[in-house]
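Sequence lines set the chain letters: A, B, ... in the order given, protein chains first and strands last, and positions in each chain run from 1. All values below come from the heavy atoms of this structure, side chains included, with hydrogens, waters and symmetry mates left out. Nothing here was measured: the structure is a model prediction, and the numbers come from that model.
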Protein chains: 2
Amino acid sequence: MTDATLRDVARASGCSVATVSRVLAGTRPVGAETAARVRAAAAQLGYRPNHAARALRSRATGTVGLVLPQITNPFYPTLVRALTHALHADGRAVLLADCDDDPEAEAEHIADLLARRVDALLVIPAHERRSREAVAAAAARVPLVLMDRGCGTGVADSVAVDNATGMALVLDHLAAVGRRRVCFIGAAGTASAAAERRLAYESGAAALDPGAPDRVLLGDFSAEWGRAAVDELWESGPRDGEPGPEGEPGRCAPSGGGLPDALVCANDLIAIGALQRLQQRGVDVPGQVAVTGFDDIPMATLSAPGITTVRQPVSELAAEAARLLRRPPQDGTRPHRTIRLAPDLVVRESSAARRQSGHSARNEQDMTAQQDVTAQQDMTAQQDLTAKVEEAQ
Amino acid sequence: MTDATLRDVARASGCSVATVSRVLAGTRPVGAETAARVRAAAAQLGYRPNHAARALRSRATGTVGLVLPQITNPFYPTLVRALTHALHADGRAVLLADCDDDPEAEAEHIADLLARRVDALLVIPAHERRSREAVAAAAARVPLVLMDRGCGTGVADSVAVDNATGMALVLDHLAAVGRRRVCFIGAAGTASAAAERRLAYESGAAALDPGAPDRVLLGDFSAEWGRAAVDELWESGPRDGEPGPEGEPGRCAPSGGGLPDALVCANDLIAIGALQRLQQRGVDVPGQVAVTGFDDIPMATLSAPGITTVRQPVSELAAEAARLLRRPPQDGTRPHRTIRLAPDLVVRESSAARRQSGHSARNEQDMTAQQDVTAQQDMTAQQDLTAKVEEAQ
DNA sequence: GTGAAAGCGCTAACAA
DNA sequence: TTGTTAGCGCTTTCAC
């Protein structure tokens, strides 16, 4: 049994295909009675518009391409979920492409999606530099929004978490629970998350301790690195009490000797690895050392103790991306928008104040430091005015 | 600048659109020289076929719908990755829909995907019973493969892990490392994973201990439940040494008293919750109690100790699903295929042999020897010899 | 082996 | 407000 077409509906309702099209697409005003008749006939025949025909004619597929570096990155599923929901709410379907962190695969996927005539693209670039060419080329053809990561300057609109604010929330919190000897375990490189979080730490940590900004260890965004960093600190770092030698920058170089009382990790994976290795070494978390993460991936709740972290405003990020894609196509080269949304701090046991040394059996008490909604909007608006924003180098 | 069309290529290469189409689609034999000329012209113009037009004409979109209950379920990202790769290798694009565990949303997404003329559907049903209607209706219109979960009998082809084999691997392994007093922490309900894993435990555990098949606790597939189950066992269960009262079925009812020396969990989330609560109670894992999971989600590696678990053969599952979708459409009502693929056991520290136990398999003795803080490696390679199917990775 | 022509189902001009 | 007409870019008969 073949599907009903517009013509079938037209015949059944006794009017022309054009009228039926107008009723069903809501493009033009149509007489109430006719409209009713058309709708009845359509329902009766179980009419389903053929998107392929519609796409061919109207040059719009109602489809958005979503290009990810690796869906197995633990932060992305949440984001993908929010994005698909936001886009489906707009009546758009989502074509998914996973690039396996390979910029060449990414370029191919982008080309394929373009050939499939997606109306727009949402891209989390696989590589800060090597993704740029393909992304820029695509952005010239369809509306394109970069998410989470950047890929050079002035390529396209972008939406991401405000890393600086997030890091500031962490540092404020650590100060409030009396931590001073903080140390940053981050990721090397110039990608936005790595660089911005590191810079935010370096500029904010001085408020806790003059030596803190120099206590920085850089690796990558993995649990493996979190473990290694703790080993580095606890093995080659100066012992508690004895004044340490002046360390090189890039190593953890406590100005007054002693081990850190808080590890600020650039993401949750690092934090999980660090936490794990601390526990294996018999270090009490949070009793002796607090540990914080970034992103609030599902695992951050599941570890024991749960990890204090910065929750990315996933729904808002998705909504903002969807909004950018809804905007009418550009007349000429309007400057790109860079939208940064303020995150929340989620306080869990890994950063509890020292006296309540942590084996509270209740793991689920996430205390969300609720961020003022107005402030967040202001943040957005403010950034909107700054049309062009340079990536931190 | 508008895209080049077939006509453009035809003009540039001095032949008809039909010929160009045949060259580019490879549908019919074409003179070698003409073909070369066409290809050159196409490349020169940067020709990209318009999929919408192609779809309209050939009634095939080259697109597959992937319908998920919740992409945030930690097992799915890996599966989605494998599926998209397998499908992209076939030149198909993937339309993604996330249903938020809601069968009604699922039905809508399926209808939408059908309206968008997907060539086929891949569905992980949100609900064993309530997904059935929409799935069956869709299966009547396009090739449809169920993955991971079922939804009633005889609805469509399906591909899933062989839960029975997986559970048998776990029980064999526990026997080999000298565990006898095993207890199952599973999920209630009739959904395939829940029911099959439970049944496999019940029929396989007797080999370890006559009372084992009755030691079954049922909740859901969450870490929360894993924690609760441990509380139930350690609080209301009989103390070590004292003979316990005959317990009701559904509770853990050790026939000879005493706490379990191994917790067989129906998935990794339960295992993570159980492990966590055991540690909070000061129970040594694996010293006193072994813990095993199922699925091998990323978190299973990240916990300390790493969790011994059953790794789903994700690439093979994806390949098999893609293969089913490639098959030509059915003539009449051929019976549906149900494909079950054997998984591997991944031995990690959570089930290491106790040092005092004298007679364990060689593998596990090696394991024990390596079990210091730095031994974090999966023992997959060795176990592969025991497992019934080798991974093609 | 190649070309001409006829649509796939729909929307957008242009008339009425 | 409604109908008529012309395609969107492609594949696929059918001729040659």
Candidate nucleotides D:dT4, D:dC8, D:dT11, ranked by approach to the side chain of A:R59 - the nearest:
D:dC8
Using whole Å, what does the distance between atom P of nucleotide D:dG7 and atom CZ of B:R57 come to?
18 Å
Verify the contact: side-chain N or O of B:T34 to OP1 or OP2 of C:dT2, cut-off strictly under 4.0 Å; return yes or no.
yes
Heavy atoms from other residues, nucleotides or ligands near CZ of B:R340 exceed 12 (cutoff 6.0 Å)
yes
Rounding to an integer number of Å, can you tell me how far A:R37 CZ sits from D:dT2 C1'?
11 Å
Hey, does A:T19 reach any base, or is it just sugar-phosphate, or nothing, if we go heavy atoms under 4.0 Å?
sugar-phosphate
Let's test your reading of the model: under 3.5 Å, does the base of C:dG9 pair with the side chain of A:R7 as donor and acceptor?
no
Tell me whether the OP1 or OP2 atom of D:dC8 has a side-chain N or O from B:T5 closer than 4.0 Å.
no
With ring pair (Phe, Tyr, Trp, His ring centres under 6.0 Å) as the rule and sequence neighbours excluded, what pairs involving residues 34-65 of chain B come up?
none
Upstream residue (5' side of DNA chain C) when B:A53 and B:G14 are each assigned their closest nucleotide
B:G14
Nearest of D:dG9, C:dC10, C:dA5 to any side-chain atom of B:V17?
C:dA5
Atom pair distance, as rounded to whole Å: CZ in A:R11 and P in C:dC10
12 Å
Test item: A:S21 side-chain N/O and A:V17 main-chain N/O as donor-acceptor pair under 3.5 Å:
no
Whole Å only: how far is the CG atom of B:D8 from the P atom of D:dG9?
9 Å
Closest listed nucleotide, where the reference is the side chain of B:S16 and the choices are C:dT11, C:dA4, D:dC10
C:dA4
For a quick test of reading the model: is some side-chain N or O of A:S21 closer than 4.0 Å to OP1 or OP2 of C:dT11?
yes
Is A:R54 close enough to C:dT11 that one of its side-chain N or O atoms is under 4.0 Å from OP1 or OP2 there?
yes
Which residues pass the ring pair (Phe, Tyr, Trp, His ring centres under 6.0 Å) test with A:H88, sequence neighbours left out?
B:H109
Distance in angstrom units between A:L6 CG and D:dC8 P, rounded:
19 Å
Nearest-angstrom distance from the residue atom NE2 of B:H51 to C1' of D:dT11:
14 Å
Taking only residues two or more places apart in sequence, or in another chain, which ones meet A:D157 in a side chain to side chain donor-acceptor pair (under 3.5 Å)?
A:R327
Please list each protein N or O that sits under 3.5 Å from an N or O in nucleotides 14-16 of chain C, with the distance.
none

Using a 3.5 Å distance criterion without hydrogens, assess whether the side chain of B:R149 forms a donor-acceptor pair with backbone atoms of B:P125.
yes
To the nearest 10°, let me know how far the axis at one end of the helix from C:dG1-D:dC16 to C:dA16-D:dT1 is tilted from the axis at the other, five pairs an end.
30°
Any salt bridge (Lys or Arg N to Asp or Glu O under 4.0 Å) pairs touching residues 16-43 of chain A, not counting sequence neighbours?
none
B:L56 CG to C:dG7 C1': how many Å, rounded?
9 Å
Restricting to pairs with a member in residues 7-21 of chain B, which pass salt bridge (Lys or Arg N to Asp or Glu O under 4.0 Å), not counting sequence neighbours?
B:D8-B:R11
What residues form a side chain to side chain donor-acceptor pair (under 3.5 Å) with B:R92, not counting sequence neighbours?
none
Which donor-acceptor pairs under 3.5 Å do the side chains of residues 60-70 of chain B make with protein atoms, sequence neighbours left out?
from  : atom 1 : to     : atom 2 : distance (Å)
B:T61 : OG1    : B:T63  : N      : 3.4
B:T61 : OG1    : B:R117 : O      : 2.6
B:T61 : OG1    : B:D119 : OD1    : 3.3
B:T63 : OG1    : B:T61  : O      : 3.3
B:Q70 : OE1    : A:R81  : NE     : 3.0
B:Q70 : OE1    : B:T72  : OG1    : 3.2

